[in-house]
There are 2 protein chains.
Amino acid sequence: MDPSSLSEDALATPAPRRQAMVPEATVARLPIYLRALHVLADDGQTTVSSEALAEVAGVNSAKLRKDLSHLGSYGTRGVGYDVAHLIEQVSAELGLLRHCSVVLVGVGNLGRALAGYGGFASRGLAIDALLDADRNRVGEQIAGLTVRHIDELCDVVSKGSIGVIATPAQAAQQVCDRLVAAGVTSILNFAPTVLSVPPGVDLRKVDLSLELQILSFHEHRKAALAQGAPV
Amino acid sequence: MDPSSLSEDALATPAPRRQAMVPEATVARLPIYLRALHVLADDGQTTVSSEALAEVAGVNSAKLRKDLSHLGSYGTRGVGYDVAHLIEQVSAELGLLRHCSVVLVGVGNLGRALAGYGGFASRGLAIDALLDADRNRVGEQIAGLTVRHIDELCDVVSKGSIGVIATPAQAAQQVCDRLVAAGVTSILNFAPTVLSVPPGVDLRKVDLSLELQILSFHEHRKAALAQGAPV
DNA sequence: AACTGTGAAACCTTTCACAGCT
DNA sequence: AGCTGTGAAAGGTTTCACAGTT
């Protein structure tokens with residue numbers, strides 16, 4: 001409806017841009033590093049080498065160093081990285097330090113699982129509102145939160161909120177539209193359907209069956225190779 | 001992400017290599033195309049152009065054509081693709097036609113959500129065994145299946161089974177080891193921890209909080225740009 | 001005319017290898 | 001000596017643009 005304000009300034013940016021522009025592939029790994037760092041911190045380690053951290057994170061050390069270098073120079077040559085400091089920096093980069101509100105819509109099994117999922121709370125990303133369209137579920141207590149009706153959406157959304165969709169596929173687009181209308185500009189979709197959002201809204205998806213199908217492909221291939229291929 | 005073993009013979013390959021070798025990026029999109037095709041089929045469409053299919057799948061049409069070209073020439077120039085035929089081909093490529101056994105370990109909220117998830121059953125990937133270490137849960141009926149104790153693992157695993165781990169993080173590595181010991185060579189991990197497997201075992205992971213953290217990054221960046229950047 | 005299949009170009013990501021700091 | 005940070009090389013992915021087919 002208002003595409004004018006978002007127009008392409010991509011080509012003409014003489015701005016004194018700082019170090020920014022962390023590659024997308026790096027951003028996708030920061031959460032992994034963060035988790036690895038927490039494991040090390042819980043274990044009492046205060047410093048760690050790129051080699052050791054990479055091991056825990058399950059990546060190779062050159063990649064890890066390159067990734068971290070995009071955030072700045074937080075390591076000490078000859079020594080390694082300070083675990084606590086690096087946790088701070090990575091968290092900051094991910095925007096986990098300012099408390100960011102997360103609103104979850106749909107409290108079926110998946111919604112419940114997400115609400116109780118330790119991985120959110122332990123970072124700065126606790127879910128702080130549960131909504132559902134089913135009035136039978138409204139009022140229910142899940143993971144310390146009371147389920148509210150989706151009509152109350154506007155009351156629970158604040159600037160910078162992230163919306164999570166865990167509804168059945170048929171309801172997803174409608175819920176998505178309502179989130180957008182309420183001012184949410186970042187949406188995570190767990191429903192197995194492609195959603196469309198206006199420009200300016202960031203949409204990501206998690207397809208639970210996708211990875212399983214990818215595994216199926218590889219398993220299938222292994223079977224095929226074992227049978228027909230070996231020369 | 002683990003084609004390391006393919007690099008060594010890169011220079012000296014006189015082998016009569018067939019058409020195989022579908023790029024990993026393409027494999028990762030095949031499930032998306034498959035879902036889009038099912039949508040079209042349910043809608044009564046019999047043929048579809050790369051443009052239209054790409055639209056439904058949410059990708060660009062050149063990419064879609066290139067992806068499909070790796071499977072073979074299943075389109076007709078001037079016309080497009082036959083929906084039913086393409087569903088068949090993509091399903092075959094993903095190994096979804098032969099019924100592949102899926103064993104899920106851990107029936108907490110997430111396990112329940114996965115067991116009831118429509119996205120699995122509608123493709124060839126129905127879960128056909130539920131296991132848990134908690135004897136209180138054994139015997140429970142979920143999505144038409146009876147929960148069995150994890151000690152019965154060997155009874156439910158067959159050649160080519162895929163294992164799904166939906167346990168708490170602490171139990172995941174142990175469960176993983178047991179799956180491997182039982183002969184499972186493809187494992188999908190939903191527990192928020194890095195697992196290690198012996199060579200030859202295919203391990204993939206889904207981190208529910210990862211995408212949320214990536215969204216947080218972008219939301220954070222949007223906020224930063226809105227405030228400090230427009231100089 | 002319409003649309004696929006595909007080389008070639010552009011772009012992004014990973015890995016290597018080593019200069020440079022502690 | 002040990003380890004980070006980073007150019008440069010290698011490898012992979014996406015996009016372009018059009019030749020080729022129906």
Side-chain angles (χ1 to χ4, degrees), chain A residues 8 10-11 19-30 32-33 37 40 45-83 85-86 89-90 93 214, chain B residues 1-13 17 19-30 32-33 36-37 40 45-83 85-86 89-90 93 214:
Chain A
E8 338 251 324
L11 18 116
Q19 52 136 86
M21 251 261 327
V22 181
E24 207 47 48
T26 295
V27 173
R29 281 186 296 266
L30 291 181
I32 299 170
Y33 301 153
L37 284 165
L40 293 171
Q45 309 232 19
T46 58
T47 64
V48 67
S49 69
S50 63
E51 199 80 40
L53 180 53
E55 166 86 26
V56 178
V59 302
N60 103 13
S61 66
K63 194 185 330 200
L64 181 130
R65 285 201 302 280
K66 181 75 105 191
D67 282 342
L68 293 184
S69 76
H70 290 295
L71 311 191
S73 280
Y74 296 128
T76 309
R77 293 171 196 232
V79 180
Y81 301 89
D82 180 87
V83 173
H85 186 231
L86 198 50
Q89 294 303 332
V90 175
E93 191 69 34
I214 295 174
Chain B
M1 289 239 181
D2 199 10
S4 49
S5 55
L6 303 168
S7 51
E8 321 219 342
D9 54 339
L11 18 117
T13 25
R17 177 160 296 172
Q19 57 135 90
M21 251 259 329
V22 181
E24 204 49 47
T26 295
V27 173
R29 281 187 296 265
L30 291 181
I32 299 170
Y33 300 153
L37 284 165
L40 292 171
Q45 310 230 24
T46 57
T47 64
V48 67
S49 69
S50 64
E51 200 81 40
L53 180 53
E55 166 87 25
V56 179
V59 302
N60 105 9
S61 66
K63 193 183 333 199
L64 181 129
R65 287 201 301 281
K66 178 133 282 177
D67 282 343
L68 293 184
S69 76
H70 289 294
L71 311 190
S73 280
Y74 297 128
T76 309
R77 292 171 197 233
V79 180
Y81 301 90
D82 181 86
V83 174
H85 185 230
L86 197 51
Q89 294 303 331
V90 174
E93 191 69 33
I214 295 173

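Chain A is the first sequence line, chain B the second, and so forth, proteins listed ahead of strands; every chain is numbered from 1.
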Could you tell me which residues satisfy side-chain hydrogen bond (donor to acceptor under 3.5 Å, both in side chains) with [X], sequence neighbours excluded, listed by chain and number?
{"X": "S50(A)", "value": "R65(A)"}
{"X": "E24(A)", "value": "H218(B)"}
{"X": "T26(A)", "value": "D67(A)"}

What is the distance, to the nearest angstrom, from the [atom1] atom on [X] to the [atom2] atom on [N]?
{"X": "H70(A)", "N": "dG7(D)", "atom1": "NE2", "atom2": "P", "result": "11 Å"}
{"X": "L68(B)", "N": "dT6(C)", "atom1": "CG", "atom2": "C1'", "result": "13 Å"}
{"X": "L86(A)", "N": "dT4(D)", "atom1": "CG", "atom2": "P", "result": "11 Å"}
{"X": "D67(B)", "N": "dT14(D)", "atom1": "CG", "atom2": "C1'", "result": "10 Å"}
{"X": "L30(B)", "N": "dT13(D)", "atom1": "CG", "atom2": "P", "result": "13 Å"}
{"X": "Y81(B)", "N": "dT22(D)", "atom1": "OH", "atom2": "P", "result": "14 Å"}

### Task
Under the side chain to side chain contact (heavy atoms under 4.5 Å, CB included) rule, collect the residues that match up with E55(B), sequence neighbours excluded.
none

### Task
Can you figure out which of dG5(C), dT4(D), dT14(D) approaches the side chain of R29(B) most closely?
dT14(D)

### Query
Reading nucleotides 15-22 of chain C from the 5' end, what letters show protein touch, with B for base, S for backbone sugar-phosphate only, - for no heavy atom under 4.0 Å?
BBB-BBBS

### Query
Is the shortest side-chain N/O distance from S50(A) to OP1 or OP2 of dT4(D) below 4.0 Å?
yes

